[in-house]
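Structure record follows, encoded as structure tokens.
Position 1 is the first residue of the sequence, and the numbers go up from there.
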Amino acid sequence: MPCDRRIIVLGSTGSIGVNTLEVVTHLGALGHAHQIVGLAAGANVGRLAEQVMQYKPELVAIADESAAADWDSGVPALVGPDASAALVDQVARPGDLIVAAIVGAAGLEAVLTGIERGCDIALANKETLVAAGELVMPAVQRAGVSLLPVDSEHSAIFQCLQGAGRDRDQIKRIVLTASGGAFRGRRREEIADATVDEALAHPTWSMGRKITVDSATLANKALEVIEAHWLFGLDADRIDAIVHPQSIMHGFVEFTDGSVLAQAGPPDMRTPIQYALTYPERVEGCSKRLDWTELRELSFDQIDCEAFPIITQGWKVIREGGTAGAIFNAANEAAVEAFLSGSIRFGELSDIVLEACASLPATTVQGLEDVRSADEAARQWVQSRIAATAGA
Ligand code: NAD
Ligand code: MG
């Protein structure tokens with residue numbers, strides 16, 4: 001059944017954003033008349049201008065003020081750190097779909113605004129749930145909108161749960177797969193001095209820089225464990241993660257009777273993105289198909305928590321609750337930025353994040369202010385820790 005939704009893409013110039021627009025074009029060729037009504041980006045105004053020419057949105061948002069200085073594409077632009085939330089506020093109508101693909105907690109306000117406007121959310125921006133699941137999930141309930149996972153593992157679990165009913169008691173556990181990132185199979189001391197280029201050389205997925213570093217430390221899987229907790233309403237004991245280097249099987253649901261459903265697909269984000277865009281329908285996809293005769297091996301392995309200690313934070317954050325997620329996420333964002341800019345070594349990244357989480361006590365989340373101040377405190381903690389080490 002062809003559909004014709006109004007879509008806003010937040011983070012349109014990034015890896016998920018570009019893939020989303022490709023899927024929209026592909027669906028258009030199949031006769032679906034999706035309409036891009038808003039685009040939000042950080043600083044890549046060149047790519048944004050090309051997207052404006054092709055998709056003709058009503059309004060755009062540009063977070064970086066200096067990058068926006070010579071914006072003259074003919075479509076008005078909102079500018080500044082709050083521009084993406086303001087774009088949603090001005091453009092979104094009930095029933096629209098917002099693809100949330102901004103990286104980091106910077107995407108949170110726009111997602112909350114979209115939910116309040118009555119929009120469904122296709123969520124790639126996992127950091128919003130990690131930092132503020134306690135605000136996002138009740139808002140989704142209140143507004144009666146759908147929160148559709150884009151992250152491949154969560155799309156897998158979501159797909160395996162279709163038809164399984166809403167009874168969470170029937171789920172024994174879910175398992176998220178992890179490629180293992182750039183340093184799979186390496187020991188902690190071997191990767192302590194790994195370079196940025198080495199950390200960014202992901203074996204199976206092509207993604208933005210932050211999530212690629214998160215994959216190298218396995219912080220990404222910790223974030224995804226927390227994301228799964230919020231999306232599927234499961235406690236920490238019923239969420240597992242396992243290494244699967246081929247990135248073909250994305251997630252498993254084990255039911256109480258011992259039956260296991262799994263979802264497979266090529267490592268191409270256009271498949272889960274398209275499912276979120278056409279849900280609950282399925283139409284012809286645009287990714288390369290799996291050729292099962294060519295797949296020689298599907299292997300699985302335990303996660304090495306000694307080499308990648310940050311992974312344990314996923315379960316800890318769920319158990320602690322409150323602002324623990326905002327603290328973990330912000331400390332990780334700040335430490336990844338420091339690693340990418342050359343201020344800290346790869347080996348220090350996980351230690352700094354874990355120390356920040358251990359040093360900053362989690363408090364309850366009553367509103368956005370609580371999340372914001374926990375986020376700010378964690379970023380400051382990381383800055384001071386790095387400055388103290390550099391000065392020592
Ligand atoms: P990316 O760095 O390629 O793109 C990020 C996008 O957000 C860009 O368009 C950038 O301009 C924009 N942006 C950054 N800061 C902004 C701000 N303050 N305001 C407005 N826009 C801003 O990142 P990505 O790989 O596309 O990842 C996006 C999100 O999707 C992340 O949360 C990531 O964890 C998640 N995700 C990505 C993949 C993937 O395959 N890339 C897979 C699963 C989940
Ligand atoms: Mg993922």
Next on the checklist: Quick check against the 3.5 Å criterion: does Arg5 have a side-chain atom that pairs as donor or acceptor with the backbone of Gly95?
Outcome noted: yes
Contacts of Ser155 meeting side chain to side chain donor-acceptor pair (under 3.5 Å) (sequence neighbours excluded), chain-then-number -> Gln159
Heavy-atom nearest pair, Val52 first then Val60, reads CG2-CG1, 3.6 Å
- Query: Any link between Ile121 and Val23 through a network of hydrophobic side chains (Ile, Leu, Val, Met, Phe, Trp, Tyr) touching at under 4.5 Å?
  - Reply: yes
ask   = Salt bridge between Lys172 and Asp240, side-chain N to carboxylate O under 4.0 Å?
value = no
Is there a path of hydrophobic side-chain contacts, each under 4.5 Å between heavy atoms, that joins Trp205 and Leu200? yes
Sorted by chain and residue number, the side chain to side chain contact (heavy atoms under 4.5 Å, CB included) partners of Leu10 (sequence neighbours excluded) come out as Ile8, Ala40, Ser84, Leu87, Val88, Ile98, Ile102, Ala110
Assess the residue pair Arg47 and Val18 against the criterion (side-chain contact (heavy atoms from CB on, under 4.5 Å)); give the C-alpha distance rounded to whole Å, side-chain angles, the decisive distance to 0.1 Å, and a yes or no.
CA-CA 9 Å; Arg47 186 172 284 167; Val18 167; 3.9 Å; yes
- prompt: Where do Arg6 and Glu58 land on the salt bridge (Lys or Arg N to Asp or Glu O under 4.0 Å) test, with the steps shown first?
  reply: CA-CA 11 Å; Arg6 289 163 39 97; Glu58 295 166 13; 3.3 Å; yes
What one should report as the nearest heavy-atom pair of Val253 and Leu161 is CG1-CD2, 4.0 Å
Quick one about Glu376 and Gln380 (side-chain donor to acceptor, distance below 3.5 Å, no hydrogens or angles considered), yes or no? yes
Phe232 meets the ring-ring contact (aromatic ring centres under 6.0 Å, His included) criterion, sequence neighbours left out, with none
Correct closest heavy-atom pair for Ala335 and Leu349 would be CB-CD2, 3.7 Å
Taking every heavy atom of Ile273 against every heavy atom of Ile16, the minimum-distance pair comes out as CD1-O, 3.9 Å
Residues pairing under salt bridge (charged side-chain N to carboxylate O under 4.0 Å, His left out) where one sits in residues 341-369, two or more places apart or in two chains, turn out to be Arg188-Asp351, Asp193-Arg345, Arg345-Glu348, Glu355-Arg385, Glu369-Arg372
Evaluate the ring planes of Tyr279 and Tyr275, with Trp represented by its six-membered ring, and classify them as parallel (under 30°), tilted (30 to 60°) or perpendicular (over 60°). perpendicular
Report yes or no: does Arg270 contribute a side-chain atom to a donor-acceptor pair with the main-chain N or O of Glu22 at less than 3.5 Å? no
CD1 (Ile344) and CD1 (Ile352) are apart, to the nearest 0.5 Å, by 4.0 Å
Please list every donor-acceptor pair under 3.5 Å in which a side-chain atom of residues 67-82 meets a protein atom from a residue at least two apart or in another chain.
{"from": "Trp71", "atom 1": "NE1", "to": "Val75", "atom 2": "O", "distance (Å)": "2.9"}
{"from": "Ser73", "atom 1": "OG", "to": "Val75", "atom 2": "N", "distance (Å)": "3.4"}

Across all chains, not counting sequence neighbours, the side chain to side chain contact (heavy atoms under 4.5 Å, CB included) partners of Glu297 are Gln246, Ser299
Distance col, row Thr20:OG1 vs Leu97:CG, nearest 0.5 angstrom, shows 9.5 Å
Strictly below 4.0 Å, N to O, side chains only: are Arg184 and Asp301 in salt-bridge contact? no
Determine yes or no for a side-chain-to-main-chain donor-acceptor pair under 3.5 angstrom, with Asp120 supplying the side chain and Ser146 the backbone. yes
All heavy atoms of Phe308 vs all of Ile191, minimum pair found to be CE2-CD1, 3.9 Å
Discussion item. Under 4.0 Å between a side-chain nitrogen and a carboxylate oxygen: does that hold for Arg186 and Glu198?
Written reply: no
So CG of Leu277 and NE2 of His26: to nearest 0.5 Å the spacing works out to 10.5 Å
Here the gap from Gln313 atom CD to Ser350 atom OG, rounded to the nearest 0.5 Å, amounts to 10.5 Å
With clusters defined by side-chain heavy atoms of hydrophobic residues (ILVMFWY) lying less than 4.5 Å apart, directly or transitively, does Met53 cluster with Leu39? no
Worksheet item: In terms of hydrophobic clusters joined by side-chain contacts under 4.5 Å, are Ile318 and Met137 together?
Response: yes
One should read off an interatomic distance between Gln263 CD and His154 NE2, to the nearest 0.5 angstrom, of 12.5 Å
Correct closest heavy-atom pair for Val243 and Ser179 would be CG1-O, 4.0 Å
- [ ] Step through the shown structure and confirm whether more than 12 heavy atoms of other residues, nucleotides or ligands are within 6.0 Å of CD on Glu189.
- [x] yes
With Phe252 as partner, the option from Ile174, Val260, Leu176 fulfilling side chain to side chain contact (heavy atoms under 4.5 Å, CB included) is Val260
Worksheet item: Are the side chain of Thr364 and the backbone N or O of Gly322 linked by a donor-acceptor pair below 3.5 Å?
Response: no
Is Lys126 salt-bridged to Glu153, cutoff N-O under 4.0 Å?
no
Quick check against the 3.5 Å criterion: does Asp370 have a side-chain atom that pairs as donor or acceptor with the backbone of Gly367? yes
* Asked: Ile303 and Phe300: same hydrophobic cluster, using ILVMFWY side-chain contacts below 4.5 Å?
  -> no
